Amino acid sequence: MPLGGGNKCGRCSKTVYFAEEVLCDGQSFHKSCFLCMVCRKGLDSTIVAAHMDEVYCKACYGKKYGPKGYGYGQGAGVLSMDKGEALGIAHKTPGPHQPTTNTNPSKMAQKFGASDKCPRCGKAVYAAEKVIGAGNSWHKVGCFTCATCGKSLESTTLADKDGEIYCKACYGKNFGPKGFGYGLGAGALAHTQ
């Protein structure tokens, strides 16, 4: 603690004295400065989420840094078209799909000391950026995406066919069963006699 007072506030940079101090993620705040960076809602230990040197309520943190896309709504039947532009999130459009070409099998690469090659971009995949899916090593950012829609994948959302990776939704559309009775959702099968 500096001489002549307390620590500096993480929001206003003024001295925080003990009676008005709130600690979060190693930083001191005035009680009146402990607000969400986006919506300015007062925070407490049950709803605070810290990112770098910024504090957010859990709702704003989820909108800014949480998963995006279909299925991440706030409740039953919710599909938000909000992409977070108001929060300063810039979206880049995915480039054209590059087919998978893997000529560097993992065991050979490990035997001779080289790194694995990403089947999507063909560049070396190092341990810090490596994700394994469909028997290959991929770059977690940019390459470990659905071959059809470009959505980022995780081990729980991955489906593969012929060495290519897809999200479960695109896999179902492209390779799932087709025909009468394979509709999507309640009420898709309407057979009356």
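All values derive from a computational prediction rather than experimental measurement.
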Check your understanding: Counting distance only, does the side-chain N/O of His139 pair as donor-acceptor with the main-chain N or O of Val131 below 3.5 Å?
Key -> no

Check your understanding: Aromatic ring centroids of His51 and Tyr65 under 6.0 Å?
Key -> yes

Practice item. Might you point out which heavy atoms bring Lys161 and Tyr171 nearest each other, and give the distance in Å? Key: CB-CE1, 3.9 Å

Review point. Do you know the tightest heavy-atom contact between Lys41 and Cys57?
Key: CD-CB, 4.5 Å

Point to revise | Whether Tyr56 and Tyr61 hold their rings parallel, tilted or perpendicular, with breakpoints at 30° and 60° | key: tilted

Point to revise | Pairwise distance SG(Cys149) to OH(Tyr166) - rounded to 0.5 angstrom | key: 11.0 Å

Revision key, fill the gap. Looking only at heavy atoms, the pair that brings Asp160 and Ala134 closest together is CB-CB, 3.5 Å

**Study point:** Euclidean distance, Gln27 CD relative to Glu21 CD, rounded to 0.5 Å
**Key:** 11.5 Å

Review point. Could you state the interatomic distance from OG1 (Thr156) to NZ (Lys168), rounded to the nearest 0.5 Å?
Key: 7.0 Å

Review point. Can you tell me if Lys130 uses its side chain to pair, donor with acceptor, with the backbone of Asp116 under 3.5 Å?
Key: no

Review point. Is it true that Arg120 and Glu164 make a salt bridge, defined as a side-chain N closer than 4.0 Å to a carboxylate O?
Key: yes

Review point. Looking at side-chain heavy atoms only, is the closest gap between His30 and Val22 below 4.5 Å?
Key: no

Review point. Are Leu43 and Ile47 side-chain neighbours, meaning at least one heavy-atom pair lies under 4.5 Å?
Key: yes

Exercise for review: Taking all heavy atoms of Cys146 and all of Cys167, pick out the closest pair and write down the distance.
Suggested key: SG-N, 3.3 Å

Point to revise | Intermediate values then yes/no, side chain to side chain donor-acceptor pair (under 3.5 Å), Lys151 and Thr145 | key: CA-CA 5 Å; Lys151 178 180 172 184; Thr145 58; over 6 Å; no

Exercise for review: Quick one: pull up NZ in Lys58 and OG1 in Thr46 and give me the separation to the nearest 0.5 Å.
Suggested key: 7.0 Å

Review point. Are any side-chain N or O atoms of Trp138 and backbone N or O atoms of Gly133, one a donor and one an acceptor, separated by less than 3.5 Å?
Key: yes

Exercise for review: Enter the distance from Asn7:CG to Ser13:OG here, rounded to the nearest 0.5 Å.
Suggested key: 12.0 Å

Point to revise | Smallest separation among heavy atoms of Gly122 and Lys117, with atom names | key: O-CD, 3.4 Å

Practice item. Identify, with sequence neighbours excluded, every residue that meets side-chain hydrogen bond (donor to acceptor under 3.5 Å, both in side chains) alongside Ser152. Key: none

Study note, to complete from the structure: For Ser28 and Leu23 the tightest heavy-atom approach is OG-CD2, 3.3 Å

Practice item. Answer yes or no: is there a side-chain heavy-atom contact under 4.5 Å between Ser137 and Cys118? Key: no

Review point. Counting only N and O atoms by type, is there a donor-acceptor contact under 3.5 Å from the side chain of Arg40 to the main-chain atoms of Leu35?
Key: no

Check your understanding: Is Asp25 close to Val55 at the side-chain level, that is, under 4.5 Å between some pair of heavy atoms?
Key -> no

Exercise for review: Please round to the nearest 0.5 Å and tell me the distance separating atom CD of Glu54 and atom SG of Cys24.
Suggested key: 12.0 Å

